[in-house]
Amino acid sequence: MSAPVKQVATGDRAILPEGAKTIPIFVMGKRYEVPETLTIMKAMEYAGFKFLRGAGCRGGICGACPTVYRREGDYKLYFGLACQTVVEPNMYLAQIPFYPANRAVYDIEKIEPVADAIHALYPELFRCVACNNCTKACPMHVEVLDYISAIKQGDIARAARISFDCIQCGMCASRCMGELPQYHIAQLVRRIYGKYIQPKAEHLQKRVTQIESGRYDKALDELQKMDHARLEKIYKEREREPDMVPLGAWMPKDTQYL
Amino acid sequence: MKVSYYPGCTLKTKAKNLEDAAVSSMAALGVDFQELQRWNCCGAVHSLADDDLIHHVAPVRDLVRAMDQGSRQVVTLCSMCYNTLARANLLMRNDEVKRKTINDFMSEETDYHGEVEVVHFLNFLRDTVGWDTLRSRVKASLNGMKVASYYGCTLVRPADVAIEPAGGGKVMNEFIDALGGSPVDFAASTVCCGSYQILAHPEAALEVIGRIIESASSAGAEALILSCPLCEYNLAKKQAELVSSGKISKKLPVYYFTQLLAIALGLGPEASRLDLNEAGSVEFLKAKNFPVESGARA
Ligand code: SF4
Ligand code: SF4
Ligand code: FES
């Protein structure tokens with residue numbers, strides 16, 4: 001007889017094997033016994049919570065599941081994404097799926113790509129006291145104060161770069177002494193940067209023009225009509241760029257579509 | 001020589017002429033002016049409320065950043081940045097209780113006890129570059145130009161952060177002298193420019209601005225220099241209004257002191273950035289035969 005398969009924490013619902021260790025966590029003040037090794041999100045579902053808000057991608061990128069918690073015997077606040085943070089014994093937690101933060105109205109087509117325009121839309125920028133609470137609250141470890149400072153200094157490119165990993169979860173705004181909506185300001189900055197400042201990818205524009213001119217229509221048409229067996233065959237036989245080949249060092253033999 | 005330098009937000013946006021002129025001048029003098037790698041707002045105004053410690057966090061964080069990157073000295077250009085940084089530094093040196101509270105609050109940073117020296121650029125020129133060196137590097141002497149030094153408040157008040165002892169009023173005069181100009185003493189040199197009152201109580205501010213300009217002009221000044229973007233806003237940008245309301249008889253060209261430095265060192269218009277000054281500033285210098293015509297008026 002083969003050994004019984006141990007199964008812990010798989011799928012959306014964890015099935016607890018016999019003898020699996022559980023730990024106590026406190027969700028909004030109520031104690032639950034949950035299997036260790038689960039993420040907060042899975043632990044909460046294990047405990048019976050159902051997410052209507054507060055869960056999206058389950059992959060740490062949508063910003064729907066920010067969670068604030070404390071550890072036993074520690075006065076500090078901690079922040080994490082419920083879908084990425086593993087439960088700890090006796091953690092006290094609550095999810096904050098949404099946090100109100102003012103968002104300025106603007107037309108990105110008409111905006112002037114300069115610091116003054118950003119400052120005028122978000123004058124509360126100048127209420128920042130550099131307390132750094134925002135940075136401490138960021139589950140993505142974005143240097144929030146640094147991007148806010150860069151925006152005040154008019155350095156749009158730097159602010160866009162520093163804020164790149166922001167997933168708009170809102171935790172920074174929840175802790176801000178100056179009541180800034182940091183992530184909305186950073187989003188405006190990245191929009192301006194992307195549209196007006198970042199160098200354009202000319203090769204991409206060229207390819208888009210080629211596609212729009214109908215250059216590939218015929219080939220795509222043929223592919224769509226192709227029977228399954230032939231499709232499979234040409235797929236398997238296709239030329240493929242080898243992994244790790246230095247940039248520009250490889251060319252396919254068939255260049256008719258380039 | 002490498003020198004750590006704290007610019008301040010306004011120098012990166014509205015007062016590029018204050019910064020660009022200083023940075024180019026330093027390069028010309030062989031000083032490697034290195035902007036702090038990370039910095040935030042200086043706090044702008046030093047909070048006087050005894051229990052309001054949060055407003056000291058911004059300047060202290062800047063000083064921690066300077067210390068962390070190994071700087072023992074940080075040079076500033078803007079009078080207000082200088083004032084808030086220097087006062088926060090004193091607080092961290094002298095007030096044990098507040099120092100502990102602030103360090104505890106900023107638990108993510110290295111503890112700070114006032115290790116870094118905050119130096120205003122004028123004092124840096126005097127003490128590190130030296131007036132004699134500066135004098136020897138002048139290529140386009142101000143040639144007796146009558147220049148009034150406007151200190152305003154924050155360079156000289158309060159006494160424990162003043163860039164020179166009370167009643168001094170010398171360092172800017174020595175600076176003008178080193179550049180070949182004739183310093184003009186005038187009564188309103190340390191009278192407040194009206195500061196932020198220009199927004200809340202514009203009438204009161206305009207009154208005092210008018211008095212300062214008249215005081216300098218009637219003492220014979222042909223131009224006025226200063227080191228603060230807020231003073232510049234009031235004393236330069238508001239002059240047209242004062243002329244049309246008859247509060248002053250004629251306009252007086254206003255420059256950041258760093259701009260006259262760049263000009264005297266013979267650096268081009270790209271360095272002195274007069275394109276950002278009020279109308280009349282370029283014309284005045286041009287009439288004196290300084291090569292200040294800018295092909296690239298931004
Ligand atoms: S910067 Fe703010 S909104 Fe963006 S990920 Fe960090 S805490 Fe969330
Ligand atoms: S939390 Fe707000 S006030 Fe504090 S540093 Fe961040 S943006 Fe500034
Ligand atoms: S569910 Fe999307 S980040 Fe957690």
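We name chains A, B, ... by the order of the sequence lines, and we start the count at 1 in each one. Only heavy atoms go into these numbers, but all of them, side chains included; no hydrogens, no water, no symmetry mates.
The candidate with the highest count of non-hydrogen atom pairs below 4.5 Å against chain B, out of A:His119, A:Lys76, A:Lys152, is A:Lys152. In terms of heavy-atom pairs under 4.5 Å with chain B, the best-connected choice from A:Gly154, A:Ala130, A:Ala150 is A:Ala130. Between chain A and the residues B:Thr10, B:Val60, B:Val57, the most heavy-atom pairs under 4.5 angstrom are made by B:Val57.
For the residue pair A:Ser149 and B:Asn40, no side-chain donor N or O sits within less than 3.5 Å of a side-chain acceptor on the partner. Between A:Asp155 and A:Gln153, the side chains place no donor N or O within less than 3.5 Å of an acceptor N or O (distance only, hydrogens not considered). Remark: the B:Arg99 side chain and the B:Asn103 side chain contain no N/O donor-acceptor pair separated by less than 3.5 Å. Using a 3.5 Å distance cut-off with no hydrogens or angles, the side chains of A:Arg191 and A:Tyr106 do pair a donor with an acceptor. Judged purely by distance below 3.5 Å, without hydrogens or angles, the side chains of B:Tyr112 and B:Asn89 pair a donor atom with an acceptor atom.
Heavy atoms closer than 4.5 Å to chain B are found in both the backbone and the side chain of A:Asn132. Heavy-atom distances place the side chain of A:Asp116, and not its backbone, under 4.5 Å from chain B.
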